[in-house]
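Below, read A as the first sequence line, B as the second, and so on, with proteins coming before strands; counting in each chain starts at 1. Scope of the values below: all heavy atoms of this structure, side chains included, with no hydrogens, waters or symmetry mates.
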Amino acid sequence: MGEQLSKVYEPKTIEKLANEIWFSRPYFHAEAPPDRGGPSQKTYTIVIPPPNVTAPLHVGHALNNTLQDVLIRFRRMQNYNTLWMPGTDHASIATQTVVEKRILSEEGKRRTDFKREEFVARVQAWKDEYEARIIEQLQAMGCSCDWQRTRFTMDEVCTKAVRAAFFKLFKDGLIYRGKRLVNWDPATQTVLADDEVEHETVQGHFWYLRYPLAEPVQIAGQSIEYVTVATTRPETMLGDTAVAMNPADKRAEYLIGKKVRLPIVGRLIPIIADEHVVLPNPESDDEKARFSTGFLKVTPAHDPDDWEIGQRHSLEVVNVMAPDASISDKYGWEDAHSPEAQSLLGMDRFEARKAIVEWFRQENLLEDVREYAHEVGHSYRSHVPIEPYLSDQWYIAVKKPIEYLGEKFGQGLIEETDVPVNSLAGLALKPLLDDRLRFIPDRYAKTYQAWLEKLRDWPISRQLWWGHRIPVWTITFSHAHYKHSDETHEEAKKRHDQECETHVLKFLQLCGVDEEVSSYRSPQLIKGTFPFYVCGKIEKVDDILEMLSKILNHKGGRVSREQLKKYKANNDEFKAKFGEDAFKYIGNLRERIRTCTLDEDVLDTWFSSALWPFSTMGWPDDTPELKTFYPGDVLCTAREIITLWVSRMVMMGQYCADDIPFSDVYIHAMIQDGEGRKMSKSLGNGIDPLVAINSHGADAMRFTLASMTTDTQDIRMPVQKMKLPDGREENTSPKFDVGRNFCNKLWNASRFALMNLEGIDPDKFDKDKMTVTDRWILSRLEYTIEEVTKSLDNYKFNEPLNISARFFWNEFCDWYLEWVKPRMQDEQQKSIAQNVLAFVLDQILRLLHPFIPFITEGIFQKLNEIAPIRQLRGLAEAKKSDALVAAEWPKQLDFVDEKYKQERASIWNVQSVIRDIRNIRNEYNIPPSHKLKATLNMSAPGAESVTKDLNDNKELIIQLAGLAEIEIGIDIKKPKNAAAAIHEDRQLYVDDVIDFEAERNRLEKKKQQVEKAKKATESKLANKDFLIKAKPQVVAQARDKLAELSEQLEVVEKHLSELES
RNA sequence: GGGCGAUUAGCUCAGUUGGUUAGAGCGCACGGAUCACACCCGUGAGGUCACAGGUUCGAACCCUGUAUCGCCCA
């Protein structure tokens, strides 16, 4: 049968074979019993970090998913009910952007050339393509996900969860409308995400502008008439609403609270104290201090830092620009009355900059202009400088206490923070502090903690089309209202809107959805109205409001027959769906409601990601999956998304699903190229896992990645173009050779074993007939099983892989297989050797399977054919399985006792002697075919038992050292013309090979080595402090060492002198 | 600017609670078509553990500082 196996390991063949087996039965599927009664199996759950559907997976994903698969396969073999939930992320902005780019370059069209539904359909098509590719890649890597559960963040199941979570937040008063500065691209007029802003160093200027004080101030007898602010963006001064200075500034006590008259505009603005302001210091290393005047103009509407200052001091916000970044008084600037201000309206921001600087110059208010290189954010799309632009966005309040959670989690702030225990941030932070959540390696807990502690409200709306549409309807009411004599207009408007609001709620009640809606009214007047926000728990609410909106839009009067027909149809449909009463009530709303519209925006992509651990399992429904697999066990991810993703999953898990989604977070390395650079498309240094699989095989790739995964180091992976079998030139890495070589070795060793296992008979095994080599390899196996299991439990990856690989290669192949060869020719011994061989190989396959699943599965199948029963009768049994994927993880070999362990020393001595002989053979250039005669003199006290032992194992030495014979004894004289290898406790001689010159060199070298070691030990022992303070056994060890070294040195010297004579 | 990490052989990396002469793989050198494997076997050379201080009987390991590189956050 063995001859069926090719001489060289062929990944493709074996990958195909293994996949056929794995998909022939639901090995990867985790059953969630509808009723969890009875003895329940332990579960183990990992949800995949869903890859973005923007692009195919790269080698970083390959690492991430390899590690997850290792954990999953390990636990599955340990008989856990194991679920690995797969899926992909819609990645709203990233995906929309790549599709927009593609459409622009291929068709010359922009997003706005499409209807929203059309465009979304285009993105959907892209998603379908890449989702399929990603799943193909994951399967090619061998990921044992529960494929029939594959989810997508925008599929029906996840969408339902998003809706439910959003509603819950809305109802709990945690979602609100607020203002925020966004990265605005004035050229394309779109919002950019932070990572779409490219920072470029620009050679610009600092302009020093004088702002006159409203009234002169006396400081130390001097009359101060103005303050000087330094700015890189003079055009924003039109929106200044304060001048800030550091309270530590000596001038502060005279100036804080005073007013400044803003040039051009004439606005009176206060001087305020804020520690953000950099104190001036011409000597400082800090460039900002050198350029600072100590006075900072504050423009909350046009600068993120200023926005913060504005928030802290409740400053007015004056937006002086239109969306195209021209100066405008139509977007919040209400005091542009002066002729100078009027003349600036309509100017582009850079034109305005020139005009304003010129104006200051002419008015003698321009104090200085200095060169200044600074970072300016540019749009990665239009390459124009981005404009921080004020806009209305939806937020989640993350530090607002949630009353009803107080019972469960307590009240008040988490110690040393401003985070309430029962706020969303608290829900994420507390589990870490309580050790319910841990990071591996634990240093990443800091990142998580720090981020949560200074967390600010989460802006969740995005001005995009691809994503979960925000399920909020904004209803505004008519302007018509009566004003009571004692009311302001605003108060009257508020009262009026409140009345309207009750009508809307009454209407929804008549529609039968009053339990399914939540609403809130804007506390602020926006464009003359207080918008009323309505969120429905179910889609029915959307239907109602959409139809209502259509019906209200019909204003009567002269309309076409067509429109009238449509209107009537709408009415009829509404009546049919929601009843006559509700329909009649629309009359009450007709004159009151001005607009009723569904929000245009979509949710931040992390919103649905935050729900991923339970949305995929059917939350909010109480599904068997949730009961069985939630909370899960571990999240495995890269460190870049600890804040954006991990924290939000914990937060939402606790908030929505009543528990944190996992207890362990394993953070793995990042993969860099050979120069330590991040892999990226633009550098062209990325590696496609499919290419690596093509060039080296999936197992080889996995082996290499796992063997490089440690807690501390990022992975450097030299990238090299390689010609693939199909002729393409693609990036792969020579590092994968390591894995491929290993697989080839495993393949061939197994092939050898299989060839020798014909006719194996488990009944012919007799444990008392095992040789020392059998017991030795079993004791090494026992050690390996223990270590590998332990280190996998602790999220080590390189360690278990290296331990099992070394056991396989350096012990099993290099020694055991070599010693087994002659036994296979001996009918007596063959049966014993066969059974041990089959058993050990079986266990090796099991240990390696999580790392290199394909090849181990392939070999396991062959092993099942040739040696279906692998056991050591009376000692151990490898439990049968049709497939390795479902086989049992190796159990501890309890029969390996002290006696076995003592025998390890025997083999160690044998190996040491063999190495000595091989060394001499090499140094004297003696061909392997030349059989040597060797003599071994044992010199240590009490050497009798070792000598006997070695004599018993003589054959093992003769066999692997290429000897004709060896004499082993005590007090044997050195034969004439023999080369020597000298140790503390023994001297080995190889007869009749002497080359005096070479031998002298060898011995001299040895002598130096020993002398050096001896000196070091002597000086240590000469140190009194060492004798007193070091642990006694350390001192004793040193004494023994010295004695041994002295003796060794004596022998070496003796041999040297003999050479002379 | 703040935080985290790294710096050990030519390269990529290990190095457990401080304790013999600091390890592996690749590469290099030498030898090898032996009936599993040349993607192999055997042997060997190769290190001032980034630098400077400190703690200690003893430091690659602990502490302080410096330099360089990487990442995250502002």
Next on the checklist: Assess the residue pair A:His668 and A:Arg639 against the criterion (side chain to side chain contact (heavy atoms under 4.5 Å, CB included)); give the C-alpha distance rounded to whole Å, side-chain angles, the decisive distance to 0.1 Å, and a yes or no.
Outcome noted: CA-CA 7 Å; A:His668 61 71; A:Arg639 61 179 172 267; over 6 Å; no

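Between A:Asn919 and B:G42 there is no side-chain N or O to OP1 or OP2 distance below 4.0 Å. Between A:Lys446 and B:C4, a side-chain N or O to OP1/OP2 separation shorter than 4.0 Å is present. For B:U12, the OP1/OP2 oxygens have a side-chain nitrogen or oxygen of A:Arg716 closer than 4.0 Å.
Note on A:Asp274 versus A:Arg312: salt bridge recorded, some NZ/NE/NH1/NH2 to OD/OE distance being below 4.0 Å. Taking 4.0 Å as the cut-off between side-chain N and carboxylate O, A:Lys1015 and A:Glu1018 do not count as a salt-bridged pair.
Heavy-atom contacts from other residues, nucleotides or ligands closer than 6.0 Å to CD of A:Gln1033 number more than 12. Around the CZ atom of A:Arg456, the shell of radius 6.0 Å holds no more than 12 heavy atoms that belong to other residues, nucleotides or ligands.
B:U64: Watson-Crick or G-U partner is B:A52, with both key distances under 3.5 Å. Base-pair partner of B:G58: not found among the strands shown (Watson-Crick or G-U wobble, both distances under 3.5 Å). Nucleotide B:U12: paired with B:A24 (Watson-Crick or G-U wobble, both distances less than 3.5 Å). Pair check for B:C40 finds B:G32; Watson-Crick or G-U wobble, both atom distances under 3.5 Å. Here B:C4 sits opposite B:G70 as a Watson-Crick or G-U wobble pair (both hydrogen-bonding atom distances under 3.5 Å).
No hydrogens or angles considered: a donor-acceptor pair under 3.5 Å links the side chains of A:Arg986 and A:Ser912. Between the side chains of A:His276 and A:Asn246, no donor N or O sits under 3.5 Å from an acceptor N or O. For the residue pair A:Trp815 / A:Asn810, no side-chain donor-acceptor distance below 3.5 Å is found, with atom types taken as modelled. Residues A:Lys830 and A:Asn756 have side chains that never bring a donor and an acceptor to within less than 3.5 angstrom of each other.
Each of A:Ala1016 and A:Ile715 lies near RNA chain B, and the nucleotide nearest A:Ile715 is the one positioned closer to the 5' end. Each of A:Ser707 and A:Val1010 has a nearest nucleotide on RNA chain B; the 5'-most of these lies closest to A:Ser707.
Nucleotides B:A38 and B:U21 are separated by 41 Å at their P atoms, to the nearest Å. With both ends at atom C1', the span from B:G19 to B:G15 equals 15 Å, rounded to whole Å. Nucleotides B:A6 and B:C41 have their C1' atoms positioned 37 Å apart, rounded to a whole Å. When the P atom is compared between B:G53 and B:A59, the two are found 14 Å apart, to the nearest whole Å. When the C1' atom is used for both B:C13 and B:G27, the distance is 14 Å, rounded to whole Å. Taking the P atoms as reference points, B:A14 lies 10 Å from B:U8, given to the whole Å. Here the separation of B:A24 from B:G47, taken at their P atoms, is 15 Å to the nearest Å. Rounded to a whole angstrom, the distance from the P atom of B:U66 to that of B:U12 is 27 Å.
A straight line from CZ of A:Arg443 to C1' of B:C71 spans 11 Å, rounded to a whole angstrom. Taking atom NZ on A:Lys1020 and atom C1' on B:A59, their separation rounds to 12 Å, with Å as the unit. Summarising the geometry, the separation between CD1 on A:Ile440 and P on B:C4 is reported as 20 Å, rounded to the nearest angstrom. For A:Tyr444 and B:G5, the OH to P distance is 9 Å, given to the nearest whole Å. Between the NZ atom of A:Lys1024 and the P atom of B:G58 there is a distance of 15 Å, given to the nearest Å. A straight line from CG of A:Leu279 to P of B:G1 spans 17 Å, rounded to a whole angstrom. When rounded to the nearest whole Å, the span between CD of A:Glu453 and P of B:C73 equals 17 Å. Per the geometry, CZ belonging to A:Arg921 stands 14 Å off P belonging to B:G42, to the nearest Å.
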Item to check | Annotated protein contacts, base or backbone, on nucleotides 22-40 of chain B with a non-hydrogen cut-off under 4.0 Å, one of B, S, - each | outcome: --S------S----BB-BS

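Among the protein residues, A:Lys1015 comes within range of no part of the nucleic acid, since none of its heavy atoms lies under 4.0 Å from any strand. Counting any heavy atom pair closer than 4.0 Å across all strands shown, A:Gln1009 reaches no nucleic acid atom. Looking at heavy-atom distances under 4.0 Å, A:Thr710 makes contact with sugar-phosphate atoms alone, never a base. Using a 4.0 Å heavy-atom criterion, one finds that A:Met717 contacts no nucleic acid atom at all. At the heavy-atom level, A:Leu1045 lies under 4.0 Å from base atoms of the strands shown.
Among the candidates A:Ile803, A:Asp793, A:Leu848, the single residue satisfying the side-chain contact (heavy atoms from CB on, under 4.5 Å) test with A:Val788 is A:Ile803.
Using a 4.0 Å cutoff on non-hydrogen atoms, the parts of residues 1027-1039 of chain A near RNA chain B are A:Lys1029, A:Ala1030, A:Lys1031, A:Val1034, ordered by number.
Without hydrogens or angle criteria, A:Arg648 side chain to A:Ala428 main chain gives no donor-acceptor distance under 3.5 Å.
Both tests hold for A:Lys821 against A:Phe752: distance to the six-membered ring centre under 6.0 Å, angle to the ring axis within 45°.
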